[in-house]
> 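Next up is a structure, given as structure tokens.
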Protein chains: 2
Amino acid sequence: MVSITIKDVAKKAGVSISTVSRVINGSKPVSSEVRQKVLKVIEETGYRPNPVARSLVMKKSQLIGVVVPDISNFFIGEILSGIEEIGKMYGYDILLCNTYGQLEQELRYLNLLKAKQVEGIVFMTWKLQDKLVDYLEKIDVPIVLINRNTSKLLIPSVSIDNFQAAFEMTNYLIKNGHRRIALIRSSQDQNAFGFDQYKGYKKALEEHGLELDEKLVRYGNFKLEDSYQIVKDFIKENVLPTAIFATSDEMAIGAINCLLDNGYKVPDDVSVVGFNDIKLASIYKPNLTTIHQPIYDIGAVAIRMIVKKINGEEVDSKIVTLPHELIIRESSKKI
Amino acid sequence: MVSITIKDVAKKAGVSISTVSRVINGSKPVSSEVRQKVLKVIEETGYRPNPVARSLVMKKSQLIGVVVPDISNFFIGEILSGIEEIGKMYGYDILLCNTYGQLEQELRYLNLLKAKQVEGIVFMTWKLQDKLVDYLEKIDVPIVLINRNTSKLLIPSVSIDNFQAAFEMTNYLIKNGHRRIALIRSSQDQNAFGFDQYKGYKKALEEHGLELDEKLVRYGNFKLEDSYQIVKDFIKENVLPTAIFATSDEMAIGAINCLLDNGYKVPDDVSVVGFNDIKLASIYKPNLTTIHQPIYDIGAVAIRMIVKKINGEEVDSKIVTLPHELIIRESSKKI
DNA sequence: TTGTAGGCGTTATCAT
DNA sequence: ATGATAACGCCTACAA
């Protein structure tokens, strides 16, 4: 099964390969007579230009790299559909990279993507380490970060206002009578995803004259198991708060499960709220009070920005902040 | 930012490009003296071979295409991690294609993947239409289907024994006193995913002398909303069965939600069971009775088969059937 | 409007 | 052991 090339088409149509190239790309005028002939041959032979060869000469690939820390994460899955769909719309294909949030993998993939001549990169991670930032800022490919407010960075990003959202959520909890509010977020690192949320939480506490009890701030890695264990610890240490603010819905669910398993009622004994509003949030029982993010749109906007950059169009702003909304459901209540 | 090529390295090292190529690929012996020199230059310059150029001449791409009907589906997300991880282990990257189960998209992507010189394809769909099968069988790239027992097809596949699993589940329900057991599966089509499950369901009914009531067999497209609506219909038509067998956990959850919303208790009023045992199945309240599949492994095995084929190794069997297990949890009970 | 020829970065086949 | 050089399939000045 030898695939047929532009040369074959040229020969069969009795023209030069440049002419064939021209009718394919419409790069230069071709007499409609010749064009018809060539088109006919292409049709007959089923010729398809070889994208690899094309990439080599054009240094373009119609490929966009997407690197994420966990494909099977619900939140990320939803973002991916936005990316894929809009990308497709513009003729770009997705090279998927799963890093498990490991710096080493992230660096490796970034290199690989560049080598593969991807035209843009959508990047997402839990922890934005300095070394990574250096690398990202230097890379000469359009890149956009997801879910980061990188005001201090040079890299464009699309995200909601995590600070404000966490602030609102904490406020809501406080206004509903909660005083001891735990925060489950990811790593302590300043660069870790969720630092803004931590600041929002802190600010709300401060505004109400509540003291921040660092014992109530715990760290999980966006996994159910992690928050499950954290709540277990709370119980064991006998310091269970009246409200738990988990910075991802998955972690909220893990927390609720632990509570339920230990005979506590949600929200009667403890209110638990999440973040993201993944599909599951409104399905799980009890439905999650959470911060709604336009998840699909985040992916869609990110890739749209990349496409614009690729086409040399001016991108309105480096940092796109999408709207969020506090959604109150069953998992929290006034005390 | 001009990237440096093999030519630059050759010049700097004072050798020919062939020599450089040799030390990179170890394709032919090179005096260790020269090798050191070249290696040093590569190190200094940070030279990385251009995979696109390499692809062009080798007609290989280190790329494996993965086409799925819905990235944000939980089950598929988990399969993807298996594929990605094992693929990476063998140096392959993933070109992700999301088809929404549309034939048109599937065909389009298959073409595109071939054009991109992918070395193999992992294919998954809800409905394996004839036109698609024709195409898949003709394609000259290693391909493996996921979650299909394609005994009658020429294409290799990896899957559990869906017939047997559905048989066991139905049996379990019957043995627990259920007589009116609804089945929610995907499209009626013979080629649709889930036909085997339908047969297993039927067989179990027959073996117990139970009549198959076609009114109890409904069709949803693996979406929560679909099964939600189906249960709503059951209620409206006043034909609610004592047990509902949904052929995906997501659909089971949709069914339970509808039941709950309408004042029914699960499993007290109605037992609901699922299929797949996605992570969520053991987290959702009530925990789902379901068929456990080794989801990650399915992806892993599939890509492993492809890599073997690429390397010309003999693949043991065309059809790999992985073990499943009936997991009994809280969503079903004896009546 | 059309054709010729050089080059994109590699690998592989010949010589040497 | 090493070096020219011809592919790989395509695009694009430059000529005609």
Side-chain angles (χ1 to χ4, degrees), chain A residues 1-39 41-42 45-63 91 111-119 140, chain B residues 1-39 41-42 45-63 91 111-112 114-119:
Chain A
M1 159 94 193
V2 177
S3 57
I4 97 139
T5 77
I6 196 173
K7 214 185 258 176
D8 304 321
V9 176
K11 192 178 295 176
K12 231 177 190 153
V15 299
S16 75
I17 62 172
S18 18
T19 303
V20 178
S21 174
R22 278 163 196 144
V23 349
I24 294 170
N25 305 305
S27 43
K28 289 214 170 176
V30 173
S31 74
S32 83
E33 189 185 358
V34 175
R35 153 172 291 113
Q36 294 312 322
K37 196 166 42 177
V38 173
L39 250 22
V41 175
I42 290 182
T45 56
Y47 165 71
R48 313 279 274 147
N50 178 335
V52 177
R54 186 178 265 170
S55 283
L56 183 58
V57 33
M58 311 268 283
K59 288 161 179 302
K60 295 202 162 204
S61 59
Q62 292 295 100
L63 241 34
N111 274 319
L112 184 131
L113 290 175
K114 264 201 56 181
K116 292 262 186 207
Q117 318 270 15
V118 298
E119 298 187 45
D140 63 335
Chain B
M1 158 93 194
V2 177
S3 55
I4 95 140
T5 77
I6 196 174
K7 215 184 256 175
D8 304 321
V9 176
K11 193 178 295 175
K12 235 182 187 144
V15 298
S16 75
I17 61 172
S18 342
T19 303
V20 178
S21 176
R22 280 167 196 139
V23 348
I24 293 170
N25 303 304
S27 43
K28 289 212 172 180
V30 173
S31 73
S32 83
E33 189 187 358
V34 175
R35 154 172 290 111
Q36 295 312 323
K37 194 165 46 176
V38 172
L39 250 22
V41 174
I42 290 181
T45 55
Y47 164 71
R48 311 281 273 148
N50 179 336
V52 177
R54 189 177 263 171
S55 283
L56 183 58
V57 35
M58 311 265 286
K59 288 165 180 301
K60 295 204 163 206
S61 59
Q62 294 293 99
L63 241 36
N111 274 318
L112 184 129
K114 264 201 55 178
K116 292 264 187 203
Q117 319 268 19
V118 297
E119 298 186 44

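Here is how names work: the chains are called A, B, and so on, in the same order as the sequence lines, proteins then strands, and each is numbered from 1.
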> Roughly how far, to the nearest 0.5 Å, is the CD atom of A/Gln62 from the CG atom of B/Leu112?
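The CD atom of A/Gln62 is 9.5 Å from CG of B/Leu112, to the nearest 0.5 Å.
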
> Once you apply a heavy-atom cut-off of 4.0 Å, does B/Arg35 come out as touching a base, just sugar-phosphate, or nothing?
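The residue B/Arg35 makes no contact with any strand.
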
> How long is the line joining NZ of A/Lys11 and P of D/dC10, in whole Å?
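Checked: the NZ to P distance equals 14 Å.
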
> For A/Gln36 and C/dT1, give me the distance from atom CD to atom C1', rounded to whole Å.
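That distance rounds to 16 Å.
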
> Got a donor-acceptor contact below 3.5 angstrom from the B/Glu119 side chain to the B/Ser61 backbone?
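It does hold such a pair.
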
> Is it true that a side-chain atom of A/Asn25 and a backbone atom of A/Arg22 form a donor plus acceptor pair closer than 3.5 Å?
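Checking the backbone N and O of A/Arg22 against the side chain of A/Asn25, no donor-acceptor pair under 3.5 Å is found.
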
> Of the options C/dG9, C/dG3, C/dT2, whose atoms approach the side-chain atoms of A/Val15 most closely?
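Taking heavy atoms from C-beta onward, the closest nucleotide is C/dG3.
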
> Roughly how far apart are A/Leu56 CG and B/Asn50 CG, rounded to 0.5 Å?
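Separation between the atoms: 6.5 Å.
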
> Given C/dT1, D/dT2, D/dG9, which nucleotide is nearest the side-chain atoms of A/Pro29?
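The closest nucleotide is C/dT1.
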
> Whether the side chain of B/Ser55 engages the backbone of B/Pro51 through a donor-acceptor N/O pair (distance < 3.5 Å, no angle test) should be reported.
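The answer is yes, because a donor-acceptor pair under 3.5 Å joins these two groups.
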
> Supply the atom-to-atom distance A/Asp140 CG to A/Lys114 NZ, rounded to the nearest 0.5 angstrom.
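If I round to the nearest 0.5 Å, the distance is 4.0 Å.
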
> So for the helix from C/dT1-D/dA16 to C/dT16-D/dA1, with five pairs setting each end axis, what is the inter-axis angle to 10°?
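Both end axes considered, the difference amounts to 40°.
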
> What is the distance, to the nearest angstrom, from the CG atom on B/Leu56 to the P atom on D/dA6?
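Atom-to-atom, B/Leu56 to D/dA6, this comes out as 17 Å.
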
> Under 3.5 Å between N/O atoms: give me all the protein pairs with nucleotides 11-13 of chain D, atom names plus distance.
unit_1: D/dC11; atom_1: OP1; unit_2: A/Asn25; atom_2: OD1; d: 3.4
unit_1: D/dC11; atom_1: OP1; unit_2: A/Asn25; atom_2: ND2; d: 3.2
unit_1: D/dC11; atom_1: OP1; unit_2: A/Arg54; atom_2: NE; d: 2.7
unit_1: D/dC11; atom_1: OP1; unit_2: A/Arg54; atom_2: NH2; d: 3.0
unit_1: D/dC11; atom_1: OP2; unit_2: A/Ser21; atom_2: OG; d: 3.1
unit_1: D/dA13; atom_1: N6; unit_2: A/Arg22; atom_2: NH2; d: 3.4

> On DNA chain D, check which nucleotide each of B/Ser32 and B/Lys59 is closest to and give me the residue with the more 5' one.
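The residue whose closest nucleotide sits nearer the 5' end is B/Ser32.
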
> Round to a whole Å and report the spacing from NZ of A/Lys7 to C1' of D/dA7.
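Between C1' of D/dA7 and NZ of A/Lys7: 8 Å.
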
> Only counting residues at least two apart or in another chain, list the ones meeting side-chain contact (heavy atoms from CB on, under 4.5 Å) with B/Arg35.
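Per chain and number, B/Arg35 pairs via side-chain contact (heavy atoms from CB on, under 4.5 Å) with B/Val30, B/Leu39.
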
> B/Thr5 side chain N/O closer than 4.0 Å to the phosphate oxygens (OP1, OP2) of C/dG9?
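No, B/Thr5 has no side-chain N/O under 4.0 Å of OP1/OP2 on C/dG9.
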
> Mapping B/Gly14 and A/Asn50 onto DNA chain D by nearest heavy atom, which one lands closer to the 5' end?
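Of the two residues, B/Gly14 wins.
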
> Roughly, in whole Å, what's the span from CD in B/Gln117 to P in D/dG9?
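So the CD-P distance, B/Gln117 to D/dG9, works out to 9 Å.
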
> Over how many whole Å does the gap from B/Lys60 atom NZ to C/dT11 atom C1' extend?
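It works out to 13 Å between those atoms.
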
> Is any side-chain heavy atom of B/Val41 closer than 4.5 Å to one of B/Tyr47?
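Answer no - side chains too far apart.
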
> Measuring from atom CD1 of B/Ile4 to atom NZ of B/Lys12, what distance do you get when rounded to the nearest 0.5 angstrom?
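The CD1 atom of B/Ile4 sits 6.5 Å away from the NZ atom of B/Lys12.
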
